[in-house]
There are 2 protein chains.
Amino acid sequence: MSNKHNAREAILDTASRLFFTQGYHATGLNQIIKDSDSPKGSLYYYFPHGKEELVLTCINRTSEMVSQNLRHYVEGEDSPAQAVQNFILSMAREAEESSFEGLVPFSFWVAVETSCVSNELRTACQCVFKDWQDVIAQRLMKDGMQEEAAVGKATVVVSLFEGALLLALTCRNVQPLVAAAESIPAILA
Amino acid sequence: MSNKHNAREAILDTASRLFFTQGYHATGLNQIIKDSDSPKGSLYYYFPHGKEELVLTCINRTSEMVSQNLRHYVEGEDSPAQAVQNFILSMAREAEESSFEGLVPFSFWVAVETSCVSNELRTACQCVFKDWQDVIAQRLMKDGMQEEAAVGKATVVVSLFEGALLLALTCRNVQPLVAAAESIPAILA
DNA sequence: TTTATTATGTAGACCAATTGTTATAAAAGT
DNA sequence: ACTTTTATAACAATTGGTCTACATAATAAA
């Protein structure tokens, strides 16, 4: 699992990175196989349905990473507001360190792009957002918030986070993320 | 100006619609010229630098529309919170009426996509967000808010709005927009 | 007023390059 | 021997872009 090339994993890693930074249509299969040093034969061996199956796998794989990471913050000792703030600020830190090229896999603007490709992809992207919201909503409810309010606030948090990422990536500046983090307490109050 | 075909305007209208719903790379020039009933010769006559010049024109054109529409709401009689709420809810209404295909030109996720294409495009997209924020920040300052706070809150509002659009488009559901509107008073307080 | 001349657009065939995809055969690993 | 994986070559389709021929309209010269 270490020194062997392991084409499948290499392809998935590279494809995820490229899809989530450049976009679905902007990323060609040729670039993926070249960047991952994997042969094209392997790509269609592991993903017989081609590009769409590949991006679907990337999305699902990413979805789990996202849930896990978010849970790490939200299910800790801190208050919900503190936890979400820390999560967003850790993204801002990561963004700066990687010169706005490593926000993968949290900038999910590619969801809208792939939603136009097929219904299967749209459903998968919906689930990602849903999982994300659930983690936050569950925590809010555990703190005594009514379900309806918790779901609403969780949606707002996810929307704000995604939007702030959108602006941060476009402007190459963490300010939107910092401002978003600062406004979290007011939102969750 | 009415019965004559006016290829330039037809191309811009169609291109804007397609770029902002499908994305930059997903929209081919052939589709644009077919949907707008304009010949390819005209496209390169009016936009000699091709696709990039075309999308740049679409973005700038849209930028002005956005500023104008937002100003209409924000510079009215209502309180800032009321104004922004009305603006977002009007988007939600428009989204439902058009079955989530007419959110153009407010869903600006295409900004991240085009930002990868060239620095010129990234700068243009930055300006769009900047204008948008300025309209809100100016209004907040007129109501007595400190500049620093006003700019921060304006950024949050724009981020939240863009993120809510992202979720709404992906889930084909206005709930994120409604939830965003509801949280505006708490954010601007 | 008629005739030339020059812009202004239109129309679409055509191009090289690249897209995603398939087929087939050679290896490698067990 | 047999499955798994790799390595290419070729595929049709489409991409953004170029090119030339053509029509129309405006202006100038006769």
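Keep in mind that this is a model prediction, so the values were computed, not measured. Just so we're on the same page: letters track the sequence lines, and every chain starts at 1.
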Undergrad: Let me know the distance between CG of Leu43(B) and P of dG12(C), rounded to the nearest Å.
TA: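 So the CG-P distance, Leu43(B) to dG12(C), works out to 14 Å.
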
Undergrad: How long is the line joining CD of Glu53(B) and P of dT18(D), in whole Å?
TA: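 Whole-Å distance recorded here is 12 Å.
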
Undergrad: Between dT5(D), dT18(D), dT22(C), which one does the side chain of Lys40(B) approach most closely?
TA: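 Taking heavy atoms from C-beta onward, the closest nucleotide is dT18(D).
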
Undergrad: Can you tell me how far P of dT19(C) sits from OH of Tyr24(A), to the nearest Å?
TA: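 Rounding to the nearest Å, OH of Tyr24(A) and P of dT19(C) are 13 Å apart.
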
Undergrad: Please name the pair of heavy atoms, one in Asn30(A) and one in Lys40(A), separated by the smallest distance, quoted to 0.1 Å.
TA: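 Result for this residue pair: OD1-NZ, 2.8 Å.
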
Undergrad: Quick one: does any side-chain atom of Ser63(A) pair with a main-chain N or O of Ile59(A) as donor and acceptor, under 3.5 Å?
TA: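 A pair under 3.5 Å: no.
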
Undergrad: Without decimals, in angstroms, what is the distance between Gln31(B) CD and dT15(D) P?
TA: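 Going from Gln31(B) (CD) to dT15(D) (P), I get 8 Å.
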
Undergrad: Taking Thr114(A) for the side chain and Ala111(A) for the main chain, is one N or O donor matched with an acceptor at less than 3.5 Å?
TA: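 Checking the backbone N and O of Ala111(A) against the side chain of Thr114(A), a donor-acceptor pair under 3.5 Å is found.
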
Undergrad: Between dT6(D), dG20(C), dT10(C), which one does the side chain of Tyr44(A) approach most closely?
TA: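 Per side-chain heavy atoms of Tyr44(A), the pick is dG20(C).
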
Undergrad: Encode nucleotides 25-30 of chain C as B, S and - characters from 5' to 3', where the letter depends on protein heavy atoms closer than 4.0 Å: B to the base, S only to sugar-phosphate, - to neither.
TA: ------

Undergrad: Quickly work out the His49(B) NE2 to dT18(D) C1' distance and round it to whole Å.
TA: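 Rounded to the whole Å, the gap is 15 Å.
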
Undergrad: For the pair made of OH in Tyr45(B) and P in dT10(C), what is the distance, rounded to whole Å?
TA: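 One finds 8 Å between P of dT10(C) and OH of Tyr45(B), rounded.
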
Undergrad: Ignoring hydrogens and angles, state whether a donor on the side chain of Glu101(A) or Thr21(A) is under 3.5 Å from an acceptor on the partner side chain.
TA: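 Absent: no donor and acceptor within the cut-off.
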
Undergrad: Using rotation axes that map the C1' atoms of four end pairs onto the next four (five pairs an end), what angle separates the end axes of the helix from dT2(C)-dA29(D) to dT19(C)-dA12(D), to 10°?
TA: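 Angle reported: 20°, given to the nearest ten degrees.
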
Undergrad: Side chain of Lys51(A) only, heavy atoms from C-beta on: which candidate in dT6(D), dG20(C), dA11(C) is closest?
TA: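 It is dG20(C).
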
Undergrad: Does the plane of the ring in Phe108(A) sit parallel, tilted or perpendicular to the ring in Phe20(A)? Use 30° and 60° as the thresholds.
TA: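 Ring orientation of Phe108(A) relative to Phe20(A): tilted.
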
Undergrad: Using a cut-off of less than 4.0 Å, is there contact between a side-chain N or O of Ser42(B) and OP1 or OP2 of dT10(C)?
TA: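 Checking Ser42(B) against dT10(C): at least one side-chain N or O falls below 4.0 Å of OP1 or OP2.
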
Undergrad: When you measure from the side chain of Lys51(A) to the backbone of Thr27(A), do you find a donor-acceptor pair of N or O atoms at a distance under 3.5 Å?
TA: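 Between the backbone of Thr27(A) and the side chain of Lys51(A) there is a qualifying donor-acceptor contact (under 3.5 Å).
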
Undergrad: Does Asn30(B) have a side-chain nitrogen or oxygen under 4.0 Å from the phosphate oxygens OP1 or OP2 of dG16(D)?
TA: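 So the side-chain polar atoms of Asn30(B) never come under 4.0 Å of the phosphate oxygens OP1 or OP2 of dG16(D).
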
Undergrad: Write out all pairs satisfying side-chain hydrogen bond (donor to acceptor under 3.5 Å, both in side chains) with one or both partners inside residues 143-169 of chain B, taking only residues at least two apart or from two chains.
TA: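 Counting only pairs at least two positions apart or across chains, the side-chain hydrogen bond (donor to acceptor under 3.5 Å, both in side chains) contacts touching residues 143-169 of chain B are Gln175(A)-Thr155(B), Gln133(B)-Thr155(B), Arg139(B)-Asp143(B).
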
Undergrad: Does a side-chain N or O from Tyr46(A) land closer than 4.0 Å to OP1 or OP2 of dT6(D), or not?
TA: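 Answer yes for this pair, as a side-chain N or O of Tyr46(A) is under 4.0 Å from OP1 or OP2.
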
Undergrad: Figure out the CD1/C1' separation between Ile32(B) and dG17(D), and round it to whole Å.
TA: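 Spelled out: CD1 on Ile32(B) to C1' on dG17(D) is 13 Å.
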
Undergrad: Quick check against the 3.5 Å criterion: does Arg172(A) have a side-chain atom that pairs as donor or acceptor with the backbone of Ser99(A)?
TA: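 Judged by distance alone, no pair lies under 3.5 Å.
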
Undergrad: Between Lys34(A) (NZ) and dA7(D) (P), how many Å, whole number?
TA: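 Interatomic distance, NZ of Lys34(A) to P of dA7(D): 17 Å.
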
Undergrad: How would you label the contact of Gly41(B) with the nucleic acid (heavy atoms, under 4.0 Å): base, sugar-phosphate, or nothing?
TA: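 Since a base atom lies under 4.0 Å of Gly41(B), the category is base.
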
Undergrad: Ignoring hydrogens and angles, tell me if any N or O in the side chain of Ser67(B) forms a donor-acceptor pair with the backbone of Glu64(B) under 3.5 Å.
TA: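 Side chain of Ser67(B) to backbone of Glu64(B): no pair is present.
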
Undergrad: Does CD belonging to Gln31(A) count more than 12 external heavy atoms closer than 6.0 Å?
TA: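 Yes, because the 6.0 Å sphere around CD of Gln31(A) holds more than 12 heavy atoms from other groups.
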
